[in-house]
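Values below: all heavy atoms of this structure, side chains included; hydrogens, waters and symmetry mates excluded.
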Amino acid sequence: MIYFLFLILSGLLQGMMISLNGQLGNYYSMFGISFFVHGIAAVLLILYLKCKEKKKIRFRGVPAYVYLVGFMGIGMVASSSWCTLAIGATAMTGLSVIGQMISSAVVDHHGWFGIEKQKFNWKELPAYLLVLAGVWLVTTG
């Protein structure tokens, strides 16, 4: 149950963050916003690791593809900030959720990135279609 509450909190924070990033787009370039957001996150992560681990931070032993997450984050922040200005936070978030559901299903189905394979269950398709219908209503309403 605690995981559900934390994920709802995460979603609430993401909704606010998207709107704030969109507002930053009125003042700075999308690259500037992404650099700013990820720069702060990198500094906080390094400080956290230094305090928690109490030893030198090492980057060896980590699969190289894991470092792509930074580039993905930059693309996500830049595109969501830009799109929020054009279509609004609700429509952007809904479309983002559809993309997340599809990519997550593909990753689960193939067991990419070292996770346990979870084959796609066609019984889940109505849930995808309902979310898509909700996004359509939000964007055309």
Side-chain angles (χ1 to χ4, degrees), residues 1-26 28-141:
M1 183 62 170
I2 191 76
Y3 296 116
F4 291 107
L5 294 174
F6 273 115
L7 288 171
I8 290 170
L9 175 64
S10 173
L12 292 170
L13 292 173
Q14 184 179 18
M16 287 186 277
M17 181 193 74
I18 287 166
S19 296
L20 292 172
N21 283 343
Q23 287 300 311
L24 279 174
N26 289 324
Y28 303 104
S29 70
M30 293 307 136
F31 177 76
I33 295 167
S34 295
F35 185 77
F36 180 72
V37 169
H38 287 87
I40 289 173
V43 168
L44 292 175
L45 176 63
I46 290 169
L47 288 174
Y48 170 78
L49 290 174
K50 288 295 259 183
C51 292
K52 183 179 184 284
E53 299 294 326
K54 306 265 192 233
K55 58 186 176 183
K56 185 178 180 179
I57 299 171
R58 296 176 187 214
F59 294 101
R60 283 177 268 158
V62 177
Y65 62 79
V66 171
Y67 295 108
L68 291 174
V69 74
F71 295 105
M72 291 176 186
I74 289 170
M76 196 173 87
V77 169
S79 63
S80 66
S81 299
W82 182 62
C83 292
T84 299
L85 290 174
I87 66 171
T90 305
M92 194 291 305
T93 302
L95 292 167
S96 176
V97 167
I98 289 291
Q100 290 173 40
M101 290 174 68
I102 292 169
S103 66
S104 296
V106 170
V107 169
D108 282 347
H109 181 78
H110 294 289
W112 291 346
F113 313 123
I115 67 166
E116 186 177 326
K117 282 186 179 184
Q118 296 183 16
K119 295 290 183 189
F120 181 76
N121 184 345
W122 286 100
K123 291 179 182 177
E124 298 171 2
L125 190 59
Y128 287 82
L129 295 174
L130 280 172
V131 172
L132 189 59
V135 170
W136 180 78
L137 287 172
V138 166
T139 57
T140 61

Student: Measure up the His110 and Trp112 rings against each other and bin them: parallel (under 30°), tilted (30 to 60°), perpendicular (over 60°).
Tutor: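 Answer is parallel, since the angle falls under 30°.
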Student: Tell me if a side-chain donor or acceptor on His109 pairs with a main-chain N or O of Lys119 at a distance below 3.5 Å.
Tutor: no
Student: Would you check if Ile87 and Leu95 make a side-chain contact, meaning some heavy-atom pair closer than 4.5 Å?
Tutor: yes
Student: Out of Val97, Thr84, Leu85, Val135, which residue meets the side-chain contact (heavy atoms from CB on, under 4.5 Å) rule with Met92?
Tutor: Thr84
Student: So do Ile2 and Phe6 actually touch side chain to side chain, heavy atoms under 4.5 Å?
Tutor: yes
Student: Find the distance between CD1 (Ile98) and OG1 (Thr93) and round it off to the nearest 0.5 Å.
Tutor: 12.5 Å
Student: If I compare all heavy atoms of Thr90 with all of Val138, which pair ends up nearest, and what's the gap?
Tutor: CG2-CG1, 3.5 Å
Student: Within a strict 4.5 Å, meaning less than it, do heavy atoms of the Met101 and Val131 side chains meet?
Tutor: yes
Student: Can you measure from OH (Tyr128) to CH2 (Trp122) and round to the nearest 0.5 angstrom?
Tutor: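 If I round to the nearest 0.5 Å, the distance is 10.0 Å.
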Student: Is a donor on one side and an acceptor on the other found under 3.5 Å between the side chain of Ser80 and the backbone of Val77?
Tutor: yes
Student: Return yes if a side-chain donor-acceptor contact under 3.5 Å exists between Ser96 and Gln100, otherwise no.
Tutor: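 Judged by distance alone, the side chains do pair up.
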Student: Are Phe113 and Val107 side-chain neighbours, meaning at least one heavy-atom pair lies under 4.5 Å?
Tutor: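 The answer is yes; the side chains approach within 4.5 Å.
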